[in-house]
Amino acid sequence: MGQIMGGYHARSVDLNSDDNPTFDPQAGFQYERKQREMIAKEEDLISARIPNKYRDYCAHYLLDYQVCRYKEMPLLYRCAHEKHNYLNCEQQDYVLRMKEFERERRLRVRENRISATA
Amino acid sequence: MSSKCIVYGYMFLNVKMSSLLKRALFNNSQSIRKTAALFCNATRNHWNYQYQPGPYPKTPEERAAAAKKYGMTVEEYTPYPEDMGYGDYPKLPDIGEDSKDPHYPYDNPELKRNFNEPLHATAEIFGGDRCDISIRRRFSLLHQWTWFLGTLGGFALLMVFLEDYKIGRPVTAKQIPGQGVHYLFSPN
């Protein structure tokens, strides 16, 4: 229900799901934001035949998990640690996207407020 | 030697077969149609010259004679329009067999038909196990159309008017490593 209630505040500034951020990434930060880095190497991903949609910033955890599965098959319960790492990374990635969304929304609200008073 | 035998045998079979087949198929002018009909309809596969209705009645005497032929009175006899090609066959009311009274003592109760009663021109689909367009509908046609169009139209209107009020997940686009630069929310 929170999504329905909160949707208005995003729709009123014309922001929808899966939009791209439009503001400067560094705007409003006192420190310098660290860049995300891709740890898994391209040739490893190609060699392991990871599908394209899983080649994101968490792919190195995915590779470790797949290696563990291959080694421990059929006793897959032994890979719980690697699986937990991968799923945590994916969750943090999703949370980062949510933060970006909220930042974008607040910057747009601020811009509207500034242009309304100006 | 053996290959020659095969060739001669093949030619003999061809010649013999073709003459036999020709005689079977083309001797009788109706046989191709009958053969096709056999595969299409195994039971209704005969025609009697008396089945054919007479020509369209133009004078009142012809109408009286046609009415008498079909066992109807002159008042209740009406043929189909001439250009439909039914000749003088009468246009009977479109009552399906299912709608006829089940308790009346018909001469032929399986068909709910009396002796010498004229059959409807399209009686094959008005049979008791087939269509019946005179049946009293449980829901009138207006009721059916209203609900059908109302449901579909209602959903269409919902989609049209709620187009700008959609809900989504509060996330930006998925950050793919090769496309664009992405940042964390911390300095380290």
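Since the structure is predicted, the reported quantities are computational estimates derived from the model, not experimental observations. Every chain is numbered from 1, with letters handed out A, B, ... down the list of sequences.
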Exercise. Picking from A/Arg11, A/Lys53, A/Met38, which has the most non-hydrogen pairs under 4.5 angstrom with chain B?
Worked result: A/Arg11
Problem set entry | Residue, of B/Gly178, B/Gly168, B/Pro170, that accumulates the most heavy atom pairs under 4.5 Å with chain A | B/Pro170
For this session: Working to the nearest 0.5 Å, report the span between OH of A/Tyr8 and CD1 of B/Ile167.
Result: 15.5 Å
For this session: Below 4.5 Å from any heavy atom of chain A, which atoms of B/Leu184 appear? Answer side chain, backbone, both or neither.
Result: both
Exercise. What is the minimum heavy-atom distance between A/Asn20 and B/Ala173, and which atoms define it?
Worked result: OD1-CB, 3.4 Å
Exercise. If two hydrophobic side chains count as joined below 4.5 Å and joins carry through other members, does B/Leu152 share a cluster with B/Trp145?
Worked result: yes
For this session: For A/Arg97 and B/Gln175, test the side chains for any donor-to-acceptor distance below 3.5 angstrom and give the result as yes or no.
Result: no
Exercise. Has A/Arg33 got its NZ or CZ under 6.0 Å from the middle of the six-membered ring of B/Phe185, at an angle within 45 degrees of the ring axis?
Worked result: yes
Seminar exercise, completed: Answer key: most heavy-atom pairs under 4.5 Å with chain B among A/Asn52, A/Asp18, A/Leu15 is A/Asp18
Problem set entry | Flag, side chain of A/Ser17 to backbone of B/Arg169, donor-acceptor distance under 3.5 Å | yes
Problem set entry | A/Gln26, CD atom: more than 12 neighbouring heavy atoms under 6.0 Å | yes
Exercise. Got a second to check how far B/Thr172's OG1 is from A/Met98's CE, nearest 0.5 Å?
Worked result: 10.5 Å
Problem set entry | Nearest heavy atoms of B/Val181 and A/Gln35, plus distance in Å | CG1-NE2, 2.7 Å
Problem set entry | Closest non-hydrogen atom pair, B/Val171 against A/Tyr94 | CG1-CZ, 3.5 Å
For this session: State whether the number of non-hydrogen atoms from other residues, nucleotides or ligands found under 6.0 Å of A/Tyr54 atom OH is greater than 12.
Result: no
Problem set entry | Which atoms of A/Asp19 approach chain B - backbone, side chain, both or neither, heavy atom under 4.5 Å | backbone
For this session: Any chance you could lay out the side chain to side chain contact (heavy atoms under 4.5 Å, CB included) test for A/Asp93 and B/Lys174, step after step, and finish with the verdict?
Result: CA-CA 9 Å; A/Asp93 177 79; B/Lys174 170 90 179 167; 3.6 Å; yes
